[in-house]
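The analysis underlying the following values was restricted to heavy atoms, covering all of them including side chains, and did not include hydrogens, waters or symmetry mates. Predicted, not measured: the structure shown is a model, and the values here were computed from it. The chain is numbered in sequence order, starting from 1.
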Amino acid sequence: MKRIIAAITVCLLFLGCVSTPSQAQKAPEWVLDTPDPDATYTYFVGDSSDTSGDQTKATEQAVGVIISNIVKYMGVKINAEFVGDTQATLDSYAANMKQKITETSQARIVGFTVTEKFISRPKDKGSKTINAYVLAKYETKELNKERDRIRKLIEEQENMVLVPEKAGNDALAAGRYADAVQSFLQAAAGAASVDVDNKEIKVERNLNSARNALLPLRLIRVSAPVGIGLGQDPAEPFVIKLVKGENDNGPGVPGAKLAASYQRKMASGRLTNKTEDLASDAKGLASIKPPAYDYVGASKVAFSLNMGSAMDLLDRIPAKYESLKDSVRREISSKYVEFEFKIGSDAKNIPLQVVVLDFDEAGSAQGSLAQGAIIDGFLKEKFKATAANAAKAAVQGGDEAAILTQAKALGAKRLVYGSARLESVKKDGGAFVVSCRVSLSVLDVDSGTVISVSEKSVNAIGTSESEARANAYRDSGRTAAKDLMAKL
């Protein structure tokens, strides 16, 4: 539109073919009454005066009036709540169009013509005032095309940039900082995707606004259950608070999307993370109470801002803004807190019965050296462990149902069962080296489930083959016992 203004002015400066009436001539009818639209054209009249007698200046001002009238005809309105300090009246908007409407395509004056101008001077010869009147006609179909284009550009800018930016500022004012971040990033992504005026300024401004909204946020620990036992639901939830400021007693931030993760044991025995979505309440608090833990040892529960959709918006912004994008990412990732704890067990108070068979490399049963080493290992760590020799036949048969039936017949609470099998016997110089693999399972008899497994390989040496074999059974039993006790 600026180009339109300039081009109209040029047209007027070169209107040698348009007559300039003398002082005595009567003003044309269009000066006092703008012509009505006809089948082809819509007419506009501009008028202005200059007290210094500068005809060019008066004419340029009259052109400004025409542009203002054209903009009024288009019905383009600038909403102050969206454009803020760049807001202006329609007149100033017309005079500085580039700051008010997205316009990077060619601004053509298709269908526009300046038809006449009229210059008059007052009868008072002592006055220098000069009056300029300009008549222009605009082909109506082209004028309407321009009107629709500008309206669309305004609407697009508002919907993709100005509306979410205003929503971000409103969220900030309401203390909803996480929502503000989301809105500012939406505005930045919108500005990057459309041909808005001052594109880079709008992208950078909203990225900085998102980062600034994140800066004062912190996740703090509030409370956690005291002691968590194996197979028991935590007595209390893990509670955190999202606050603003350096003080833990700072105001809570409501309505923020959060993610909480805790560890679970897979069928393979390995740990994996399970994540749940949360939201901070009116006081900025959020909590989670994981289900009963089915393993013992170190564990943790972690909380973080859930800003996956914000990260997606960042990915839509071009790489030229990478440093600003990275600063936002760093702030998001820093909003993290975790609780570390140990899952305990009363396993030492639960009687264990142990049955483990020794097999040589040919698969022949050899005795119970590994079983004895396992029981000794448990007893040294204050576990209650005894032999369950009556279950040997069931264990050797490998029938899980028969093993459970036998354990119940023995009145066992937990049954440790398995085998220690030699895999190789080698002579190395003056010594013998024997490799043994021990596999153990812990059966919880009441529930009928295996609650822990262990499999270890051990190499043992001896000055004789029989000594090396015996050492392999005992050493593998001790190693497996330590592993099981850590798990129980």
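In this structure a side-chain-to-backbone donor-acceptor pair under 3.5 Å is missing from Lys117 to Thr59. Using a distance-only test at 3.5 Å, with no hydrogens or angles considered, a donor-acceptor pair links the side chain of Ser280 to the main chain of Val253. With Arg221 contributing its side chain and Glu338 its backbone, the two residues share a donor-acceptor pair below 3.5 Å. Side-chain N or O atoms of Thr115 include one that pairs as donor or acceptor with a backbone N or O of Leu135 at under 3.5 Å. Side-chain atoms of Ser299 do not come within 3.5 Å of backbone N or O of Lys342 as any donor-acceptor pair. Proximity of a side-chain donor or acceptor of Thr140 to a complementary backbone N or O of Thr42 within less than 3.5 Å is detected. Of the possible polar contacts, one joining the Asn212 side chain to the Asn208 backbone as a donor-acceptor pair under 3.5 Å is found. For Ser304 (side chain) and Lys335 (main-chain N/O), no donor-acceptor pair under 3.5 Å exists by modelled atom type.
Listed here is the closest heavy atom pair of Phe184 and Asn206: O-CB, 3.3 Å. Summarising the geometry of Ala259 relative to Thr275, their closest heavy-atom pair is CB-CG2, 4.1 Å, with the distance given to 0.1 Å. Listed here is the closest heavy atom pair of Ser454 and Asp483: OG-OD2, 2.5 Å. The two residues Gln263 and Ala298 make their nearest non-hydrogen contact at OE1-O, 4.2 Å. Between Ala188 and Val203, the shortest heavy-atom distance links the atoms O-CG2, 3.7 Å. Residues Pro225 and Pro237 share a closest heavy-atom pair of CD-O, 3.7 Å.
Classified by interplanar angle (parallel below 30°, tilted 30° to 60°, perpendicular above 60°), the ring pair Trp30/Tyr133 is perpendicular.
Counting heavy-atom neighbours within 6.0 Å of Glu423 CD, excluding the residue itself, gives a total above 12. Residue-environment remark: NZ (Lys289) exceeds the threshold of 12 foreign heavy atoms within 6.0 Å.
Contact check for Ile350 versus Asp444: no side-chain heavy atoms found under the 4.5 Å cut-off. Looking at heavy atoms from C-beta onward, Phe303 lies out of side-chain contact with Leu258 at the 4.5 angstrom threshold. Residues Phe383 and Leu484 have side chains not in contact (no heavy-atom distance under 4.5 Å, counting atoms from C-beta outward). Residues Lys413 and Asp446 form a side-chain contact, since some pair of their non-hydrogen atoms from C-beta on lies under 4.5 Å apart. Under the 4.5 Å side-chain criterion, counting only non-hydrogen atoms from C-beta, Val243 is not in contact with Leu219.
Using a 4.0 Å cut-off between charged side-chain N and carboxylate O, Arg329 and Asp315 make a salt bridge. Arg316 and Asp312 are not joined by a salt bridge, as no carboxylate oxygen comes within less than 4.0 angstrom of a charged side-chain nitrogen. Using a cut-off of 4.0 Å between Lys/Arg side-chain N and Asp/Glu carboxylate O, Arg205 and Glu165 are scored as salt-bridged. Between Lys57 and Glu60 there is no salt bridge, since no side-chain nitrogen of the basic residue lies less than 4.0 Å from a carboxylate oxygen of the acidic one. Salt-bridge formation is detected for the pair Asp248/Arg218: a Lys NZ or Arg NE/NH1/NH2 atom is positioned less than 4.0 Å from an Asp or Glu carboxylate oxygen.
Ser52 and Asp50 share a side-chain donor-acceptor pair at under 3.5 Å.
The ring pair (Phe, Tyr, Trp, His ring centres under 6.0 Å) test applied to Tyr41 returns no partner, not counting sequence neighbours.
Partner Tyr262 forms a side-chain hydrogen bond (donor to acceptor under 3.5 Å, both in side chains) with one of Glu276, Lys300, Lys274 and no other, that one being Glu276. Of the candidates Asp36, Asp38, Thr34, Asp38 is the only one forming a side-chain hydrogen bond (donor to acceptor under 3.5 Å, both in side chains) with Tyr43.
Taking the centre and axis of the six-membered ring of Tyr293, the NZ or CZ atom of Arg264 falls inside the cone set by 45° and 6.0 Å.
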Discussion item. Go through it in stages, so that I can follow the logic: the residues are Tyr321 and Glu200, the test is side chain to side chain donor-acceptor pair (under 3.5 Å), and I'd like the CA-CA distance, side-chain angles, deciding distance and then a yes or no.
Written reply: CA-CA 9 Å; Tyr321 304 100; Glu200 291 190 5; 4.6 Å; no
